[in-house]
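Right, one structure below, let's go through it.
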Amino acid sequence: MAQPKYTTHPGMVDILPDDVRKWQYLENLIRTEAEKFNFEEIRTPIMEQTELIVRGLGQLTDIVSKEIFAFSRGEDNYVLRPELTAPVVRAYVENHLDQRGGSQKLYYIGPMFRAERPQKGRQRQFHQFGVEVLGSSDAVADVEVIAFMIHIYNKIGINNTTLKLNSIGDPESREKYKEALKAHLKPNYEKLSEISKKRYEKNPLRILDSKEEEDKPFIENAPVITDYLNEESIKHYSKVKEYLTDLEIPFEEDPYLVRGMDYYTQTAFELISPDLGAQDALAGGGRYDLLVQEIGGQPTPAVGFAAGMERLFIACEELGIQLGSEKVVDVYIVTLGDAARKWGLSQLPKLREKGVSATMDYMGRSMKAQMKDANRENAHYAIIVGENELTEGKFTFRNMKESEESSLSFEEILEKF
RNA sequence: GAGCUCGUAGCUCAGUCGGUUAGAGCGCCAGGUUGUGGCCCUGGAGGCCGUGGGUUCAAUUCCCAUCGGGCUCCCCA
C-alpha cells in the first residue's frame, strides 16, 4: 500500500474510536479505585524544564542520556516528560502542597515521551498511571502504594503477575555496597562485557541488571545489597515485607533488582507479567526519600509507582480479557423527505434532554441505507418518520433487536425512556 | 546505536518459475424489496503491487538502494 503523505512520528500512535472505549474503561476504573484509596488526581504540564528531569532522574540514566525529547526556545529549555515522579515532586514543592497537612496521596494518568526504538510494548508516546505518596517514611505508605497497584490488575483480571521486591537502602548503605561490588568484580574486570565495563565506575549497581552471557557468572555470586543495609534500612524493609504478608500480597525478593532512576532509595519493586514478551514489566516503583530535597523542597520522604497502560492492554489481549463495551446509541431517527429531516433534527434535543443518546442520518440517504446505518450503530430503537407520520402525529417506533414496532406519538415515545 | 524480518485494495492475505485488462474473503456503496436493518443473491467502486534506480524486448515479479512497518539486543512502562 502506498505510504500516506502525512503519518504519525514513529512510536506514536492514533487511538481510534473502537480502542478509545477500552481506554475510557481503564481510566474510569483507575479513577474509581483511586478514590477508594483516597488518592487525589494531579495533572501537570506535558513539558517541563529540562533541568528538572536531568537533576531529578540523574544525568547518567538511560532516560536522560539518550531518551528525552528536548528542545529550546529562546532562553527556555523544554523537555517532554519521560515520567511523572519528578514533575509531581516539582508541583508539590512549587505549590507548597505540604501545607495542606498530612501526607499527600496523589495519582495521575497521562502520556509520557521517550525517544526509544519502538517495539512491542514500547512506544515513544505511551501512557502511564501511577501514584505518589509524599510526606510519609512509614512502611504503611510503601505497602498501600503496592496494594493499589496490584489492586488495579486484579480488578481487571490480570492475576498471573509476579511482584519483585528489593531494598537498595539509603545512600550510606549503597555506597558501602558499591565498593563491595566493585571489589568483587575487579579481579574479573577484563572478562566483563563492554557495557558492564562502562558501568563499573559510573553506576556499578546496573551491572546486576545485565543480560549479557559473559557477565552472568560474576553476577551470580556477587554480594547482595541486602547484606550491606544499615539498621534503619533493614528495619524499614522488614516492615514492608511484614505488611505485605499481612495483606496476603505475594512477593518475590530479588536482591539484584535495580531500578533505572537515580532517585530511588530503600524499597524498589516491579510487577512482572509473563504475557508481555521482551518488555515484561507492567509497572514499577519504589521509595525516593531524597528527591524532594534534591529538587529544592524540604526533606520529604516519598514513595510511588508508575504503570504502563499499553502494556496492561497487551496483557489483557494475551489473556483474552475484553475491556469496555460495544458502541451503542439509544435512538436512530430514520427520516424520509425534507419535512421529516427537519422534524427529526428538531426532536433530537428533546431525546438528549432526557438523557437518551440519539442520532440521525446526515447524508440524505435512502430508508434502507438509514436502517442499515442504524443497525451498524447498534441503535436500540429506530423512529421512522415520513409524510404519513408527520400528518398523523404518530411515528413508527421500532425495537431493532426484537424487530417489533408500534405507532406512537412523540410524547408517548419519550415516555418509554 | 546494532541485528532480523515484512511491504500487493480500507483490513486479512493469494498470485505472477519475468509476458495481454493483478485476484479472493471481509468491509464499503447500490440493486433485488418504489417506506424497514441484521441472513441471502446480484452488481459496483476501490490498487502507479511502498519509493527510486539497475538488468531486460518486457519488471508488481530478478538485483541494488531507500523509505515505512513489525520484532529483537541495550534499557525501561
Side-chain angles (χ1 to χ4, degrees), chain A residues 1-11 13 16 18 57 60-67 81-85 109-130 149 193-196 198-199 203 206-207 209-213 215 257-261 270-273 276-285 305-315 332 334-337 340 361 363 365-389 395-405:
Chain A
M1 89 205 78
Q3 282 157 23
K5 187 169 178 183
Y6 300 109
T7 62
T8 60
H9 281 113
V13 303
L16 303 176
D18 283 345
L57 309 204
L60 299 176
T61 58
D62 284 320
I63 291 180
V64 168
S65 61
K66 58 185 190 191
E67 295 169 8
R81 62 191 196 188
E83 58 95 71
L84 220 48
T85 300
I109 302 175
M112 311 294 158
F113 303 85
R114 295 183 195 172
E116 289 199 273
R117 194 72 132 231
Q119 58 183 276
K120 186 176 186 183
R122 167 173 298 161
Q123 294 170 188
R124 290 187 172 179
Q125 177 176 342
F126 62 105
H127 298 76
Q128 290 186 332
F129 68 92
M149 177 179 80
S193 66
E194 286 309 309
I195 304 165
S196 292
K198 275 187 211 157
R199 288 174 178 158
N203 193 350
R206 298 293 287 286
I207 295 176
D209 253 352
S210 172
K211 281 154 193 158
E212 303 292 326
E213 271 308 315
D215 292 335
L257 174 67
V258 179
R259 308 253 330 131
M261 269 70 84
E270 265 179 26
L271 192 68
I272 307 296
S273 163
L276 293 183
Q279 275 66 50
D280 64 352
L282 276 171
F305 80 85
M309 296 172 75
E310 283 83 359
R311 289 188 184 177
L312 186 152
F313 290 133
I314 291 171
Y332 192 110
V334 174
T335 63
L336 301 161
D361 170 63
M363 297 169 77
R365 292 186 289 181
S366 71
M367 178 175 187
K368 180 176 176 153
Q370 291 185 51
M371 289 301 291
K372 202 174 168 180
D373 202 31
N375 187 60
R376 183 171 31 225
E377 299 293 325
N378 285 320
H380 293 137
Y381 299 98
I383 296 174
I384 300 167
V385 47
E387 281 181 36
N388 297 342
E389 285 84 350
F395 306 91
T396 305
F397 184 62
R398 181 179 180 84
N399 181 321
M400 294 294 283
K401 192 161 189 181
E402 308 297 330
S403 298
E404 287 167 359
E405 54 190 45

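Each chain gets a letter, A, B and so on, in the order the sequences are listed, and its residues count up from 1.
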Hey, which of these two, M309(A) or E387(A), hits RNA chain B nearer its 5' end, going by closest nucleotide? E387(A)

Residue matched to C76(B) through Watson-Crick or wobble contacts both under 3.5 angstrom: none

Only pairs with both distances under 3.5 Å count, Watson-Crick or wobble alike; so what is the partner of A45(B) in this structure? none

A283(A) vs G386(A), nearer the 5' end of RNA chain B by closest nucleotide: G386(A)

Would you say the side chain of E116(A) and the base of G1(B) hold a donor-acceptor pair, judged only by whether the two atoms sit under 3.5 Å apart? no

From C-beta outward on S403(A), which listed nucleotide comes closest to its side chain: G38(B), G35(B), A77(B)? G38(B)

Can you tell me the base-pairing partner of A65(B)? Count Watson-Crick or G-U wobble geometry only, both distances below 3.5 Å, and say none if there is no partner. U51(B)

Quick one: is A77(B) close enough that its OP1 or OP2 comes under 4.0 Å of any side-chain N or O from R259(A)? yes

When you measure only distances, ignoring hydrogens and angles, does the side chain of Q370(A) come within 3.5 Å of the base of U36(B) through a donor and an acceptor? no

M371(A) atom CE is separated from U36(B) atom C1', nearest whole Å, by 4 Å

Complementary nucleotide for U60(B) - Watson-Crick or wobble, under 3.5 Å: none

Which nucleotide, if any, forms a Watson-Crick or G-U wobble pair with G35(B), using both distances under 3.5 Å? none

Check: R376(A) side chain, C28(B) base, donor-acceptor under 3.5 Å: no

Any R365(A) side-chain nitrogen or oxygen under 4.0 Å from OP1 or OP2 of C28(B): no

Rounded to whole Å, the CZ-C1' distance (R398(A) to G35(B)) equals 12 Å

Heavy-atom side-chain proximity of P10(A) to R117(A) below 4.5 angstrom: no

If the cut-off is 4.0 Å, is Q119(A) near the phosphate of C71(B), judged by side-chain N/O to OP1 or OP2? no

Both distances below 3.5 Å, Watson-Crick or wobble geometry, any strand: find the nucleotide opposite G70(B). C4(B)

Parallel, tilted or perpendicular, judged at 30° and 60°: which one describes the rings of F397(A) and Y381(A)? parallel

Pairing check on C26(B): which nucleotide meets the Watson-Crick or G-U wobble criteria with it, both distances under 3.5 Å? G10(B)

